[in-house]
Colleague: 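Dropping a structure here in structure tokens format, bear with me for questions.
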Protein chains: 2
Amino acid sequence: MNDLANVPDLSGHQADEPKTLAEAAYRQLRRDIIEGVHRPGEKLRVEHLKDQYAVGAGTLREALQLLVTDALVVAQGQRGFRVAPISLDDFEDITRTRVLLETVALQQSIELGDDTWEANVVASFHMLSRAEEKLVDGTNASREEWELRNRAFHEVLISASTSRWLRHFQNILYLQSERYRRLSLFRQPISRDVHAEHQAIVDAALARNSKEAARILTEHVLRTLEAVRKLPAEMIS
Amino acid sequence: MNDLANVPDLSGHQADEPKTLAEAAYRQLRRDIIEGVHRPGEKLRVEHLKDQYAVGAGTLREALQLLVTDALVVAQGQRGFRVAPISLDDFEDITRTRVLLETVALQQSIELGDDTWEANVVASFHMLSRAEEKLVDGTNASREEWELRNRAFHEVLISASTSRWLRHFQNILYLQSERYRRLSLFRQPISRDVHAEHQAIVDAALARNSKEAARILTEHVLRTLEAVRKLPAEMIS
DNA sequence: ATAGTAAAAAATCTCGAGAAAACCATTGAC
DNA sequence: GTCAATGGTTTTCTCGAGATTTTTTACTAT
């Protein structure tokens, strides 16, 4: 079916279905950290969390180790684990690095993408648009689905890039920026402009205008940075 | 002394001294994988390795998990761990991505670096040059020291970059390329040219000629790719 | 012979208890 | 009053044994 099946997965532990308890705990923890259930800088005590996530101590330890990979958790020598802190500087760094990688990957993708890629772009954009419509009812589930499809959309855009490493790093950075975007959503919900920007990227991509697509993508990503900049400083502790 | 001490370490588990058994095992394993003791694609059975590295099963598991972070080991669902395979395509990807990141970081560094940075560049270049001289006796220890100092040199060059993420990703890619460079050394030892190239980078960096420095660095990194390309195919299994 | 099934073997994954280290509050000395 | 040392408490780290899952081997029927 899919001849990429036995290609080594660079992202390691992001398979479609959690096959092990440690991975299941890892996913729950990851979501909770991104969602802000565990606040930035918070200490993550294994003894407390193992009950909360219903796994053994060693297993939870493994889950935490996996989160270190994504830089959502920091491990300090003999002093346990801690939710990675956030800061405006950090988000600026994340955003700029992401722009660098994602634009290069996007231009590659536009040059190399075939018909199937085009179809995937159109399809994932459609899925995202539908999710946007459901956003108006403001439920948590609808927002979560939007996040999922937004991520899928951005992934598909660069999926025709030949560089597995670019995609790998982009994955990590996207995950990071999700934490910050969640903060900006407190202030202002996802706006109409976002849809227009996505549309513009799709148009440029299908027209094989890689320069223009990269330009729009850059603006698009930087817009979130501006939104976070306007937040009260105490929110970005 | 160093006010960067409490900045969260992005690389997570690359502190100067291993404070835990798991980390010690991680380092030994990492060296063994890079050195080729454990061949690419080889299965890493916990039961066998725990005796070899003198730690418990759970501890070795953690060490393996850390190696997944560096993409030197791949974990597959419920089927254990395996040394990440190598391929020419992969090395090409690694090299090109590394060039992209490292040149950007280097240009930033050259623009922002202060006197201390300049001093560090000169110092690490000197250390590297001394190690090159000792290379003639061809011992394993001298080559290992050269690797260490070469890495330190490249790290110092981009150390003035403000982007922690660029440096983080560069670290990972450098580690990866070390595996491949080791292969190329079978054929031809480290040549005179390398020294001249390093010298040229230092000169351009101190002259604050960021464009030129980036150009030389690019050529420098691509040269190793060419060397690996000339290897017999069966060496890059 | 081949294919499918089932039991046996090996390896992984999971857990809880013990050892080692870090943390905190109290005490004592200067 | 400030600082250093000490002991108790908490937390992390480590280990080995049991439960699941995967892989291998052997067997039977077509």
Side-chain angles (χ1 to χ4, degrees), chain A residues 5-6 8-9 12-30 32-33 38-39 41-69 72-85, chain B residues 5-6 8-9 12-30 32-33 38-39 41-69 72-85:
Chain A
N6 45 11
D9 184 10
H13 46 278
Q14 294 182 7
D16 288 324
E17 270 183 48
K19 277 293 168 197
T20 145
L21 273 188
E23 199 171 314
Y26 156 71
R27 300 227 181 169
Q28 285 182 43
L29 258 166
R30 189 176 71 175
D32 286 347
I33 289 175
H38 301 295
R39 303 272 283 283
E42 183 182 319
K43 196 138 198 345
L44 294 169
R45 289 180 194 80
V46 177
E47 289 301 311
H48 294 179
L49 266 53
K50 69 167 191 156
D51 302 324
Q52 194 171 338
Y53 291 89
V55 292
T59 305
L60 189 77
R61 238 185 123 60
E62 246 183 65
L64 287 171
Q65 211 67 261
L66 288 172
L67 284 162
V68 174
T69 301
L72 288 170
V73 163
V74 290
Q76 348 178 9
Q78 203 85 259
R79 282 177 290 165
F81 299 90
R82 185 174 287 275
V83 178
Chain B
N6 46 9
D9 184 10
H13 46 278
Q14 294 180 5
D16 288 326
E17 270 183 47
K19 276 294 170 197
T20 144
L21 273 187
E23 199 171 313
Y26 156 72
R27 300 226 182 171
Q28 284 182 44
L29 259 166
R30 188 175 71 175
D32 286 348
I33 289 175
H38 302 294
R39 302 274 282 282
E42 182 182 320
K43 196 141 197 346
L44 294 169
R45 289 181 191 80
V46 177
E47 290 301 312
H48 293 179
L49 265 54
K50 69 168 191 152
D51 302 324
Q52 195 171 337
Y53 291 90
V55 292
T59 304
L60 188 76
R61 238 185 122 59
E62 245 183 66
L64 287 171
Q65 211 66 260
L66 288 172
L67 284 162
V68 174
T69 301
L72 288 170
V73 164
V74 291
Q76 344 176 20
Q78 207 78 265
R79 282 177 290 166
F81 300 89
R82 185 174 286 277
V83 178

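Within every chain, numbering begins at 1; the chains are lettered A, B, ... in the order of the sequence lines, protein sequences first and strands thereafter. Treat the numbers as computed from the prediction; the structure is a model and nothing was measured.
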Colleague: Find the distance A:E42:CD to D:dT11:P and express it as a whole number of Å.
Modeller: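 For the pair A:E42 CD and D:dT11 P, the rounded distance is 14 Å.
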Colleague: Apply side-chain contact (heavy atoms from CB on, under 4.5 Å) to B:R45 and list each qualifying residue two or more places apart in sequence or on a separate chain.
Modeller: B:K43, B:H48
Colleague: In whole angstrom, what separates A:Q65's CD from D:dT14's C1'?
Modeller: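 So the two atoms are 14 Å apart, to the nearest Å.
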Colleague: Students often get this wrong, so: under 4.0 angstrom with heavy atoms, is A:L60 touching a base, only sugar-phosphate, or nothing?
Modeller: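 Touches nothing.
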Colleague: Please report, rounded to the nearest Å, how far the P atom of C:dC13 is from the CG atom of A:L66.
Modeller: 11 Å
Colleague: To the nearest Å, how far apart are A:R45 CZ and D:dC13 C1'?
Modeller: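 Going from A:R45 (CZ) to D:dC13 (C1'), I get 16 Å.
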Colleague: Among the candidates C:dT14, C:dC13, D:dT14, find the nucleotide nearest to the side-chain atoms of B:F81.
Modeller: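 Ranking C:dT14, C:dC13, D:dT14 by closest atom to the B:F81 side chain puts C:dC13 first.
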Colleague: Nearest 0.5 Å please: distance from the CG atom of A:D32 over to the NE2 atom of A:H38.
Modeller: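 The distance works out to 4.5 Å.
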Colleague: Which whole-number value in Å describes the distance from A:Q76 CD to C:dA22 C1'?
Modeller: 12 Å
Colleague: Return each pair, listed once, that meets salt bridge (Lys or Arg N to Asp or Glu O under 4.0 Å) where at least one residue sits in residues 47-69 of chain A; pairs must be two or more places apart or across chains.
Modeller: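 Qualifying pairs, neighbours excluded: A:R61-B:E62, A:E62-B:R61.
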Colleague: Looking at OG1 of A:T59 and CG of A:L64, how far apart are the two atoms once the value is rounded to the nearest 0.5 Å?
Modeller: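 If I round to the nearest 0.5 Å, the distance is 11.0 Å.
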Colleague: What's the closest nucleotide to the side chain of B:H48 if the choices are D:dC15, C:dA11, C:dT14?
Modeller: C:dA11
Colleague: I need the CD-C1' distance between A:E23 and C:dT14, as an integer number of Å.
Modeller: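 Atom-to-atom, A:E23 to C:dT14, this comes out as 15 Å.
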Colleague: Quickly, which of A:R30, A:E23, A:Q28 forms a side-chain hydrogen bond (donor to acceptor under 3.5 Å, both in side chains) with A:Y26? Name it, please.
Modeller: A:R30
Colleague: Output a table of donor-acceptor pairs, distance under 3.5 Å, between side-chain atoms of residues 73-85 of chain A and any protein atom two or more places apart or on a different chain; print 'none' if there are none.
Modeller:
unit_1, atom_1, unit_2, atom_2, d
A:Q78, NE2, B:K19, O, 3.2
A:R82, NH1, A:G41, O, 2.7

Colleague: So, OP1 or OP2 of C:dT14: does either fall under 4.0 Å of a side-chain N or O from A:T20?
Modeller: yes
Colleague: Take the protein atom CG of A:L44 and the nucleotide atom C1' of D:dT11, then report the distance between them rounded to whole Å.
Modeller: 13 Å
Colleague: Quickly work out the A:L49 CG to D:dT11 C1' distance and round it to whole Å.
Modeller: 13 Å
Colleague: Of the options A:L44, A:L21, A:L29, which is the one that meets A:L60 in a side chain to side chain contact (heavy atoms under 4.5 Å, CB included)?
Modeller: A:L29
Colleague: Is any side-chain nitrogen or oxygen of A:R61 closer than 4.0 Å to OP1 or OP2 of D:dC13?
Modeller: yes
Colleague: For a quick check, with a 4.0 angstrom heavy-atom cut-off, what is the B/S/- contact string for nucleotides 16-24 of chain D, read 5' to 3'?
Modeller: -----SSS-
Colleague: Base, sugar-phosphate or nothing for B:L64? Non-hydrogen atoms, less than 4.0 Å.
Modeller: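 Nothing: the residue B:L64, judged by heavy atoms under 4.0 Å, touches no strand.
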